[in-house]
Amino acid sequence: MKNYYVSIIRRGEMSYIRSELEQFGLIPMEGRLIRLLKDHCFSQEELGESLDIDKGRIAKTVYMLEQKGIVSRNTNSNNRRQKLVSLTEEGERIYDAILDIYEAWDDICYRGFTEEERDMNHEFIKRISHNVVEYKKKIGGRKNG
């Protein structure tokens, strides 16, 4: 039954984020990627691992953001076969607006919570995420356990 509540939160978040990102012509996956790239360069492989997305989907997402002028891909000087993805000036500008969208969602979710309760919940969620990542490593990426 606990998963029921997580599902409600996740669906609500996706609906909210999707509607807010529309003004920038973005989808939630693109917003997540932009948030991850703030002040960092990553290879497409690293982005896929961080976002838990397969290579094909991450390549398509990066390509779409590149076409919109939000990210750029540059050759890694240490490994010429690897392209590093980073935000452009436009991506940096959009990042601030995306951050505001996610902060507004947090404010909706945590209405009536104390700062201490918010921090505690954040720590619990981080621990749960860590457990999920460890489980996925343990099963070696096999589907359905």
Side-chain angles (χ1 to χ4, degrees), residues 2-3 5-110 113 115-145:
K2 290 172 257 174
N3 290 339
Y5 298 111
V6 172
S7 178
I8 289 172
I9 294 165
R10 186 70 180 141
R11 283 193 318 268
E13 176 187 28
M14 293 310 300
S15 177
Y16 178 84
I17 299 300
R18 185 175 288 110
S19 69
E20 293 296 314
L21 289 178
E22 279 180 358
Q23 64 186 306
F24 302 103
L26 299 172
I27 60 173
M29 173 57 57
E30 293 169 332
R32 289 175 57 205
L33 196 144
I34 291 167
R35 288 178 65 204
L36 188 61
L37 286 172
K38 176 66 175 165
D39 300 325
H40 300 288
C41 283
F42 291 105
S43 69
Q44 285 186 192
E45 294 79 17
E46 291 168 327
L47 287 171
E49 287 174 17
S50 294
L51 295 170
D52 195 25
I53 308 234
D54 64 79
K55 290 179 183 181
R57 179 135 185 239
I58 200 70
K60 180 180 176 184
T61 303
V62 168
Y63 174 79
M64 295 302 292
L65 288 172
E66 191 174 34
Q67 294 300 305
K68 295 173 184 177
I70 295 171
V71 302
S72 62
R73 285 188 271 192
N74 299 299
T75 303
N76 182 348
S77 59
N78 297 325
N79 178 355
R80 297 212 177 274
R81 293 180 296 157
Q82 188 180 59
K83 297 281 188 180
L84 296 177
V85 182
S86 61
L87 291 179
T88 62
E89 282 186 34
E90 176 67 5
E92 294 281 345
R93 185 188 67 75
I94 288 175
Y95 168 83
D96 292 330
I98 290 171
L99 187 61
D100 290 344
I101 290 168
Y102 279 91
E103 286 176 356
W105 174 250
D106 280 352
D107 290 342
I108 291 166
C109 291
Y110 287 110
F113 284 72
E115 199 62 39
E116 181 181 9
E117 289 170 329
R118 286 175 81 144
D119 292 343
M120 283 175 48
N121 188 54
H122 181 73
E123 286 304 314
F124 293 151
I125 290 170
K126 279 176 37 180
R127 287 172 49 194
I128 292 168
S129 295
H130 176 76
N131 290 343
V132 170
V133 168
E134 290 303 310
Y135 169 76
K136 289 181 83 169
K137 285 180 187 175
K138 178 181 168 188
I139 65 168
R142 293 190 322 260
K143 302 278 189 233
N144 300 321

Colleague: List the atom of Gly25, the atom of Lys68, and the distance in Å for their closest heavy-atom pair.
Modeller: O-NZ, 2.6 Å
Colleague: In Å and rounded to the nearest 0.5 Å, what is the CD to NZ distance from Gln44 to Lys60?
Modeller: 14.0 Å
Colleague: Should the ring pair Tyr110 and Phe113 be called parallel, tilted or perpendicular, given that the plane angle runs from 0 to 90° and is split at 30 and 60?
Modeller: perpendicular
Colleague: CG/Asn74 to SG/Cys41 distance, rounded to the nearest 0.5 angstrom?
Modeller: 7.5 Å
Colleague: Might you point out which heavy atoms bring Glu13 and Arg10 nearest each other, and give the distance in Å?
Modeller: OE1-NH1, 2.7 Å
Colleague: So, taking the atom named CD1 in Ile34 and the one named CG in Asp96, what distance separates them when rounded to the nearest 0.5 Å?
Modeller: 11.5 Å
Colleague: Can you find a heavy atom in the side chain of Arg93 that is under 4.5 Å from one in the side chain of Glu89?
Modeller: no
Colleague: Does a side-chain heavy-atom distance below 4.5 Å link Leu33 with Ile58?
Modeller: yes
Colleague: Do you know the tightest heavy-atom contact between Ile101 and Gln23?
Modeller: CD1-NE2, 4.4 Å
Colleague: Closer than 4.0 angstrom, basic N to acidic O: yes or no for Asp107 and Arg118?
Modeller: yes
Colleague: Look only at the side chain of Thr88 and the backbone of Ile70, and say whether a donor-acceptor pair between them is shorter than 3.5 Å.
Modeller: yes
Colleague: Is there a donor-acceptor pair closer than 3.5 Å between any side-chain N or O of Lys136 and the backbone N or O of Asp52?
Modeller: no
Colleague: When rounded to the nearest 0.5 angstrom, what is the spacing between OG in Ser129 and CD in Glu134?
Modeller: 11.5 Å
Colleague: Quick one: does Glu20's side chain have a donor or acceptor within less than 3.5 Å of a partner on Ile17's backbone?
Modeller: no
Colleague: Do you know which two heavy atoms are closest between Tyr102 and Pro28, and how far apart they sit?
Modeller: OH-O, 4.1 Å
Colleague: Among Glu117, Glu123, Glu116, which residue meets the side-chain contact (heavy atoms from CB on, under 4.5 Å) test with Met120?
Modeller: Glu116
Colleague: Checking Ile98 against Leu26 for the side-chain contact (heavy atoms from CB on, under 4.5 Å) test, could you report, in this order, the C-alpha distance in whole Å, the side-chain angles of both residues, the deciding distance, and whether it holds?
Modeller: CA-CA 10 Å; Ile98 290 171; Leu26 299 172; 3.9 Å; yes
Colleague: Please tell me if the side chains of Glu66 and Val85 come closer than 4.5 Å, counting only heavy atoms from C-beta onward.
Modeller: no
Colleague: If you define the side chain from C-beta out and look only at heavy atoms, does anything of Leu51 sit under 4.5 Å from Arg32?
Modeller: yes
Colleague: Does a side-chain heavy-atom distance below 4.5 Å link Asn76 with Lys83?
Modeller: no
Colleague: Where do Ala104 and Tyr16 come nearest, in terms of heavy atoms and distance?
Modeller: CB-OH, 3.3 Å
Colleague: If I take atom CZ from residue Arg80 and atom OG1 from residue Thr75, how far apart are they, to the nearest 0.5 angstrom?
Modeller: 7.0 Å
Colleague: Would you compute the distance between atom CZ of Phe42 and atom CG of Leu36 and round it to the nearest 0.5 angstrom?
Modeller: 4.5 Å
Colleague: Check whether the side chains of Thr61 and Arg57 place a donor and an acceptor atom closer than 3.5 Å, and report yes or no.
Modeller: no
Colleague: Under a 3.5 Å distance rule, please check whether Ser50 uses its side chain to pair with a backbone N or O of Glu46 as donor and acceptor.
Modeller: yes
